[in-house]
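Atom set for the values below is all heavy atoms of this structure, side chains included, hydrogens, waters and symmetry mates excluded. Since we're looking at a predicted model, the values are computed, not measured.
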Amino acid sequence: MTSSTSGPRRIGMLVPASNTNAEPLTAAVLRDVPEVEVFATRFRLPPSLDAAIDRAVLGESVDLIGELAPDVVAFHGTAGSWTGIDRDAALAADLAAATGARAATTATQAMLAALAALDARAVSVVFPGSDEIVDQIAVQLGTRGIAVTGRSTLPTDLTNPEIAALSRDRIEELLLAGDRSGADAVLCVGTNLRAGPLVDALEQRLGLPVIDSAVALAWHVLRLAGSATAVPGWGSLLRSP
């Protein structure tokens with residue numbers, strides 16, 4: 001499989017079947033960036049949040065996205081941020097090899113790249129689920145020298161449809177609720193949480209960068225595709241080339 005050599009760069013996304021935020025959010029962020037085109041295929045998530053995502057889970061979606069000869073492949077999920085960052089990085093490398101793409105990433109790898117780009121070494125984590133998952137996220141981020149100094153969570157873990165159904169007001173409450181003292185950025189984990197459209201206004205309100213995992217993934221695939229285009233309206237990450 002060979003990647004495209006002329007025209008817009010092709011981005012191939014692997015999206016959980018229950019995710020209703022990935023394609024609309026990515027299309028909205030990149031709609032005025034003619035140098036990239038985004039395509040998606042879907043797979044079914046395991047029922048457990050603790051299940052590692054691998055080729056067995058992704059199944060035929062890898063071969064299907066490979067048929068478009070992508071320049072960049074992206075797994076649109078954050079599970080690696082608590083099930084294992086090293087395993088998640090290996091998944092990205094495997095996706096590149098399997099599809100012939102010149103680069104691959106995941107939402108977790110995109111968040112890490114965003115934290116590095118913004119020089120953020122301490123974060124307040126927002127997660128639409130339980131403290132137990134954030135405890136695991138803190139351990140994994142710690143392996144990369146990133147401290148979790150605050151958090152905002154929910155009493156129980158939600159399903160993907162339940163996350164997507166959260167109102168704008170409830171999402172804003174969740175984003176504002178965490179302790180941000182000592183944090184360099186707010187890290188919003190969960191690509192089906194519709195926090196992206198709130199990022200720009202909340203950054204101005206909080207005086208901190210807000211890294212939304214879905215927005216971070218759109219930013220990362222853009223940069224991996226070789227584009228330095230600045231995209232206003234989605235926060236500090238995309239505002240600078």
Problem - Check: Trp219 main-chain N/O paired with Arg223 side-chain donor or acceptor under 3.5 Å - result: no

Practice task
Identify, with sequence neighbours excluded, every residue that meets side-chain contact (heavy atoms from CB on, under 4.5 Å) alongside Ala138.
Solution key: Val148

Exercise for the section: Take Leu14 and Leu95, measure what side-chain contact (heavy atoms from CB on, under 4.5 Å) needs, and give me the verdict at the end. Expected result: CA-CA 10 Å; Leu14 307 174; Leu95 291 175; 3.7 Å; yes

Practice task
Give a yes or no answer on whether the side chain of Trp82 reaches the backbone of Leu49 with a donor-acceptor pair at less than 3.5 Å.
Solution key: yes

Fill in the blank from the handout: Distance col, row Ile11:CD1 vs Leu30:CG, nearest 0.5 angstrom, shows 8.0 Å

Exercise for the section: Output the distance between atom CG (Leu217) and atom CG (Leu25), rounded to the nearest 0.5 Å. Expected result: 9.5 Å

Fill in the blank from the handout: side chain to side chain donor-acceptor pair (under 3.5 Å) filter on Thr159, not counting sequence neighbours, yields Glu162

Problem - N/O donor-acceptor pair under 3.5 Å between Arg180 side chain and Val123 backbone - result: no

Exercise for the section: Kindly write out the residues that satisfy side chain to side chain donor-acceptor pair (under 3.5 Å) with Ser152, not counting sequence neighbours, or none if the list is empty. Expected result: none

Problem - Arg194 and Asp212 ion-paired at < 4.0 Å - result: no

Completion exercise
Residues Ile85 and Leu141: closest non-hydrogen pair is CD1-N, 4.1 Å

Practice task
Would you check if the side chain of Asn192 reaches a backbone N or O of Asn21 as a donor-acceptor pair within less than 3.5 Å?
Solution key: yes

Practice task
Output all residues satisfying salt bridge (charged side-chain N to carboxylate O under 4.0 Å, His left out) with Glu203, sequence neighbours left out; order by chain, then residue number.
Solution key: Arg239

Handout entry: Distance in Å, Ser81 OG paired with Leu187 CG, rounded so as to fall on 0.5 Å steps
Key = 8.0 Å

Practice task
Mind listing the closest non-hydrogen atom pair of Gly196 and Val215 along with its distance?
Solution key: CA-CG2, 3.7 Å

Practice task
Please determine if Glu23 and Arg42 form a salt bridge, counting it only when a charged side-chain N lies under 4.0 Å from a carboxylate O.
Solution key: yes

Problem - Pair Glu35-Ser227, side-chain donor/acceptor within less than 3.5 Å - result: yes

Fill in the blank from the handout: Between Val15 and Ala22, the two heavy atoms sitting closest are CG1-CB, 3.7 Å

Practice task
Would you please name every residue forming a side-chain contact (heavy atoms from CB on, under 4.5 Å) with Pro46, sequence neighbours left out?
Solution key: Ala51, Ile53, Val57

Problem - Side chain Thr108, main chain Thr78, donor-acceptor under 3.5 Å - result: yes

Problem - Pair Arg55 + Asp94, salt bridge at N-O below 4.0 Å - result: yes

Handout entry: Hydrophobic cluster (4.5 angstrom, side-chain heavy atoms) - remaining members for Leu154
Key = Val126, Leu158, Ile163, Leu166, Ile171, Leu174, Leu175, Leu176, Val186, Leu193, Leu198, Val199, Leu202, Leu206, Leu208, Val210

Completion exercise
Between Asp157 and Ser130 the two heavy atoms that sit nearest each other are OD1-N, 2.7 Å

Exercise for the section: Considering non-hydrogen atoms only, spot the tightest contact between Thr149 and Ser124 and give its length. Expected result: OG1-N, 4.5 Å

Practice task
Of all the heavy-atom pairs spanning Ser236 and Leu118, show the shortest one and how long it is.
Solution key: OG-CD2, 4.3 Å

Practice task
Could you grab the distance from atom CE of Met13 to atom NE2 of His76, nearest 0.5 Å is fine?
Solution key: 5.0 Å

Handout entry: Euclidean distance, Thr41 OG1 relative to Ile65 CD1, rounded to 0.5 Å
Key = 5.5 Å

Problem - From Val189, Ile137, Thr106, residue fulfilling side chain to side chain contact (heavy atoms under 4.5 Å, CB included) relative to Met111 - result: Val189

Handout entry: Pair Asn19-Thr191, side chain to side chain donor-acceptor pair (under 3.5 Å): steps then yes or no
Key = CA-CA 8 Å; Asn19 188 310; Thr191 64; 3.0 Å; yes

Problem - Any donor-acceptor N/O pair, Asp71 side chain to Ala225 backbone, under 3.5 Å - result: no

Problem - Asp63 vs Glu67 side-chain heavy atoms within contact, under 4.5 Å - result: no

Exercise for the section: Can you establish whether the number of heavy atoms outside Arg44 located under 6.0 Å from its atom CZ is more than 12? Expected result: no

Exercise for the section: Flag yes if Val139 and Ile146 sit in one hydrophobic cluster, no otherwise; membership is Ile, Leu, Val, Met, Phe, Trp, Tyr, and two members link when side-chain heavy atoms are under 4.5 Å apart. Expected result: no

Exercise for the section: Decide yes or no on side-chain contact (heavy atoms from CB on, under 4.5 Å) for Thr99 and Val62, but give the supporting numbers first. Expected result: CA-CA 7 Å; Thr99 60; Val62 179; 4.0 Å; yes

Exercise for the section: Go through Glu172 and Arg205 one step at a time and tell me if the side-chain contact (heavy atoms from CB on, under 4.5 Å) criterion holds. Expected result: CA-CA 12 Å; Glu172 185 172 346; Arg205 184 171 176 180; 2.8 Å; yes

Practice task
Verify the distance criterion only: is there a donor paired with an acceptor across the side chains of Ser167 and Asp169 at less than 3.5 Å?
Solution key: no

Problem - Gap between atom CG of Asp184 and atom CZ of Arg121 - 0.5 Å precision - result: 9.0 Å

Exercise for the section: Check step by step if side-chain contact (heavy atoms from CB on, under 4.5 Å) holds for Arg151 and Phe127. Expected result: CA-CA 8 Å; Arg151 63 180 66 189; Phe127 182 71; over 6 Å; no

